[in-house]
Amino acid sequence: MSSTAPGKAKVPVAGRRNVLVTSALPYVNNVPHLGNIIGCVLSADVFARYCRLRGHNVLYVCGTDEYGTATENKALEEGCSPLEICDKYHAIHKEVYEWFNISFDHFGRTSTPQQTEICQSIFHKLLDNNWLSENTMQQLYCESCQRFLADRFVVGSCPVEGCGNDTARGDQCDRCGRLLNSTELIDPRCKVCEGIPVVRDTDHLFLELPLLKEKLEKYIDEASATGSWSQNAVRITDAWLKEGLKPRCITRDLKWGVPVPHEKYKDKVFYVWFDAPIGYISITACYTPEWEKWWKNPENVELYQFMGKDNVPFHTVMFPSALLGTGENWTLMKNISATEYLNYESGKFSKTKGIGVFGNDAKATNIPADVWRYYLLSNRPEASDAIFTWGGLQIKHNNELLKNLGNFIYRVLSFIAKPEGAGYGSIIPEAPNADIHPLSQSLAETIGNLIQQYIDAMDKVKLKQGLKIAMAISSEGNAYLQESQFWKLYKQDPASCATVMKTSVGVVYLLACLLEPFMPSFSKDVLQQLNLCPNEHISFADEKGESDKAKRPWDLIPSNHRIGKIVPLFTELKDDAVGSFRETFAGSQAERNARAN
């Protein structure tokens, strides 16, 4: 899953564009579903791969978010320690992302000494700079367990009239959806011992966001103007600022977390919203001891962050406020890409309820990872919520991948692979007349324009648009083949046929490059069929003049080059298979298990 050779950690390079990419740290208490995957790690992976394709110096880091109430709760459910839960689910996440071909430079975790050290260092600077305050809160306390109870360690009856749910959590009622405080519950009880808790006062530390407002607004104005912010990120951040910033509690009465290095609060840990974003920094520190060259180098490093929309305020308001409050020269987020929600068939994906297709489910279907990547990215919920449907997956696969992209590549390469007298014996022909061949010139001009549109879209992190433009090049290739009637030209006008084939094989190579960020295994397979080394030939860097060369597709693959063995790249996804998947993955995971039993 790492794209860096062992012992050769990347650092920013003077004179190059240095891009630091993060995706929201997935919480470690469950298997990620497709909505989680498209919302953070897959979108970030596409952009990181695109930047590498363009010749930029890229570092892509992510990892599992491991501290907090949900981990302690899951450990309680499974009868083990929080660390054992984290070890178990970190391995599951890592396996899922490896199958999806996510190209992290480093995939780490937040339960590390580096996380503790950096988190506590930031805390000390905030304390020294007087950006923290103390306040007293009322919280439920279990006298039997001798501990304050975090929201998810309390259950009781929902206070909403008519709801009637007697197992509402201390933070939310799953039946009516109401957000709650644990002290609002009727007849609350401790989830650990079933005892009745009492209300007690407890002191906590707060980050004074109102005092940091001027610094924060100056940063937001500059970053959102010069960087690339998705519209929902701008809208959500503006709403937070207009509502008025309030002091934000940064401590929790838990055991599993980063300890607060303060005598009065030594039995508390940092609230997960405070310590989790610092995980990006500590994960980088686990990757290289020279982490500050990435995270304290805003003049030479551009930070791109990817997440679902529910994570936006933590990245545009709270995390930058904490870093600004230290007074240090941090690399702050310049570009943010936040997705809307991906829903499942007629409902919502839910990790809690086990509804939807999860990462391990996708693998179990035997549908290739690239097909999942393509469908999720072509359906990426960029401006509004999107819906995953099995029928939609089938249509995208059969009509776009099989009949458009796969058909074009197979027609070109299989014709070249035919023996002489019917084809070219797997040898790329000469094309001396390409510069004066009107149809090829017209195609080259069209492709040149589409490539510029592709670069513009991808630079602005419009990933769905970039994919659509790349696929349009395949459609142009198919139209070019049809209009040329190359099968007739082979006998009637051999020189023109050779030009069409040499031009078309150049377009095949272009598609392998432009689609690599989206479907890396597909690109590798195409290059193998072209008999080209993927590590040497997947590149589209301006400094090498490769985007200009693409305007002359007949020059991309040399004459007399021998191609490899040709096989179809996609196979039809049939109705009975799709119907079976729809039935298998209906309902919750508990219901599926019951059916299986």
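We count residues from 1, following the sequence as given.
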**side-chain contact (heavy atoms from CB on, under 4.5 Å) against A541, all qualifying residues, sequence neighbours excluded** = S539, E543, K544, E546

**Request:** May I ask you to test the F123-L205 pair for a side-chain heavy-atom distance under 4.5 Å?
**Result:** yes

**Prompt:** Is any NZ, NE, NH1 or NH2 atom of the basic residue among K363 and E95 found under 4.0 Å from an Asp or Glu carboxylate oxygen of the other?
**Reply:** yes

**Message:** Just to verify, what does Q114 make a side-chain contact (heavy atoms from CB on, under 4.5 Å) with, not counting sequence neighbours?
**Reply:** T112, S282, A285, C286

**Prompt:** Taking C-beta and beyond as the side chain, do W295 and V301 meet within less than 4.5 Å on heavy atoms?
**Reply:** no

**Fill in**
For F206 and N135 the tightest heavy-atom approach is CE1-CB, 3.3 Å

**Item:** Inter-residue atom distance I281.CD1 - T331.OG1, 0.5 Å rounding
**Value:** 9.0 Å

**Request:** Scan for salt bridge (charged side-chain N to carboxylate O under 4.0 Å, His left out) pairs involving residues 37-47, sequence neighbours excluded, and state none if there are none.
**Result:** D45-R49, D45-R373

**Request:** Indicate the atoms forming the closest heavy-atom contact of P381 with I38, along with that distance.
**Result:** CD-CG1, 4.2 Å

**Asked** Between CG of L185 and SG of C173, what distance do you get to the nearest 0.5 Å?
**Response** 9.0 Å

**Request:** Please report the closest heavy-atom contact between S321 and L207, naming both atoms and the distance.
**Result:** CB-CD2, 4.4 Å

**Request:** Compare all side-chain heavy atoms of F358 with those of P32 and state whether any distance is below 4.5 angstrom.
**Result:** no

**Request:** Return yes if a side-chain donor-acceptor contact under 3.5 Å exists between S103 and R52, otherwise no.
**Result:** yes

**Prompt:** Using a distance-only test with no angle check, is there a side-chain donor-acceptor pair under 3.5 angstrom linking N165 and S157?
**Reply:** no

**Item:** Contacts of Y265 that satisfy ring-ring contact (aromatic ring centres under 6.0 Å, His included) - sequence neighbours left out
**Value:** H262

**Asked** Going by the salt bridge (charged side-chain N to carboxylate O under 4.0 Å, His left out) test, which pairs reach into residues 12-31, not counting sequence neighbours?
**Response** R17-E302

Kindly list each side-chain donor-acceptor pair under 3.5 angstrom involving residues 306-320, sequence neighbours excluded, with atom names and distances?
residue : atom : partner : partner atom : Å
K309    : NZ   : E340    : OE1          : 2.7
H315    : ND1  : N311    : O            : 2.9
H315    : NE2  : Y280    : OH           : 2.7
T316    : OG1  : T237    : OG1          : 2.8
T316    : OG1  : V312    : O            : 3.2

**Message:** Closer than 3.5 angstrom, by distance alone: can the side chain of W131 be matched with the main-chain N or O of E208 as a donor-acceptor pair?
**Reply:** no

**Request:** Assess the side chains of N57 and N18: does a donor N or O sit below 3.5 Å from an acceptor N or O?
**Result:** yes

Do any side-chain atoms of residues 138-148 form donor-acceptor pairs under 3.5 angstrom with protein atoms, and if so which ones, sequence neighbours left out?
residue : atom : partner : partner atom : Å
Q139    : OE1  : H204    : NE2          : 3.4
Q139    : NE2  : L149    : O            : 3.4
R147    : NH2  : E72     : OE1          : 3.0

**Heavy-atom side-chain proximity of V96 to I102 below 4.5 angstrom** = no

**Asked** What distance do H93 atom NE2 and N360 atom CG have between them, rounded to the nearest 0.5 Å?
**Response** 10.0 Å

**Asked** When you look at D151 and R169, which way does the salt bridge (Lys or Arg N to Asp or Glu O under 4.0 Å) test go after all the steps?
**Response** CA-CA 7 Å; D151 299 339; R169 298 195 313 263; over 6 Å; no

**Prompt:** What's the spacing between C190 SG and I196 CD1 if we round to 0.5 Å?
**Reply:** 11.0 Å

**Heavy atoms of other groups near K296 NZ, more than 12 under 6.0 Å** = yes

**Request:** For the residue pair K268 and T202, confirm or rule out a side-chain donor-acceptor distance under 3.5 Å.
**Result:** yes

**Asked** With a 4.5 Å limit on heavy-atom distance, are the side chains of F104 and S23 in contact?
**Response** yes

**Prompt:** Taking only residues two or more places apart in sequence, or in another chain, which ones meet V234 in a side-chain contact (heavy atoms from CB on, under 4.5 Å)?
**Reply:** W229, D238

**Request:** Looking only at non-hydrogen atoms, find the nearest pair between V19 and Y304 and report the distance.
**Result:** CG1-CD1, 3.7 Å

**Request:** Would you kindly say whether T71 and N29 are connected by a side-chain donor-acceptor distance under 3.5 Å?
**Result:** no

**Asked** Side chains of T110 and E66: donor-acceptor distance under 3.5 Å anywhere?
**Response** no

**Request:** Taking E382 for its side chain and K464 for its backbone only, find out whether a donor-acceptor pair lies under 3.5 Å.
**Result:** yes

**Message:** With salt bridge (charged side-chain N to carboxylate O under 4.0 Å, His left out) as the rule and sequence neighbours excluded, what pairs involving residues 276-291 come up?
**Reply:** E290-K293

**Prompt:** Counting heavy atoms not belonging to K462, are there more than 12 under 6.0 Å from its NZ?
**Reply:** no

**Prompt:** Can you find a side-chain donor-acceptor pair between R380 and S43 that sits under 3.5 Å?
**Reply:** yes

**Request:** Might you work through the side-chain hydrogen bond (donor to acceptor under 3.5 Å, both in side chains) test for D171 and S182, ending with a clear yes or no?
**Result:** CA-CA 6 Å; D171 60 347; S182 60; over 6 Å; no

**Message:** So M333 and L323, do their side chains get closer than 4.5 Å, heavy atoms only?
**Reply:** no

**Prompt:** Just how far is it from atom CZ of F270 to atom CG of L254, taken to the nearest 0.5 Å?
**Reply:** 13.0 Å

**Request:** Can you see which heavy atom on C176 is nearest to which on V160, and at what distance?
**Result:** SG-CG2, 4.0 Å

**Rounded distance [0.5 Å steps], CG in D253 versus CE in M137** = 9.0 Å

**Request:** Answer whether the closest heavy-atom distance between the side chains of I283 and R109 falls below 4.5 Å.
**Result:** no

**Request:** Please identify each residue that fulfils side-chain contact (heavy atoms from CB on, under 4.5 Å) with K246, with sequence neighbours left out.
**Result:** E243

**Prompt:** When you check the gap from the basic side-chain N to the acidic O, do E134 and K264 get nearer than 4.0 Å?
**Reply:** yes

**Message:** Tell me whether K94 is salt-bridged to E98, with the criterion being a basic N under 4.0 Å from an acidic carboxylate O.
**Reply:** yes

**Message:** Taking salt bridge (Lys or Arg N to Asp or Glu O under 4.0 Å) as the definition, give me every residue that meets it alongside K125, ordered by chain and number, with sequence neighbours left out.
**Reply:** E328

**Prompt:** In a check of ring-ring contact (aromatic ring centres under 6.0 Å, His included) between F107 and each of F100, Y287, Y97, which one passes?
**Reply:** Y97

**Message:** Under 3.5 Å, is there a donor on one side chain and an acceptor on the other for Y27 and N36?
**Reply:** no

**Asked** Shortest non-hydrogen contact from F153 to N73?
**Response** CZ-N, 3.7 Å

**Asked** In terms of side-chain heavy atoms, does N232 have a donor or acceptor partner in S230 at a distance below 3.5 Å?
**Response** yes

**Message:** Applying salt bridge (Lys or Arg N to Asp or Glu O under 4.0 Å) to E214 and K218, what does each step give before you reach the verdict?
**Reply:** CA-CA 6 Å; E214 186 177 338; K218 181 174 183 290; over 6 Å; no

**Request:** Sequence neighbours left out, what pairs pass salt bridge (charged side-chain N to carboxylate O under 4.0 Å, His left out) with at least one residue falling in residues 183-199?
**Result:** E77-K191, R178-E184, R189-E194

**Asked** Is there side-chain contact between W294 and K10, with heavy atoms separated by less than 4.5 Å?
**Response** yes

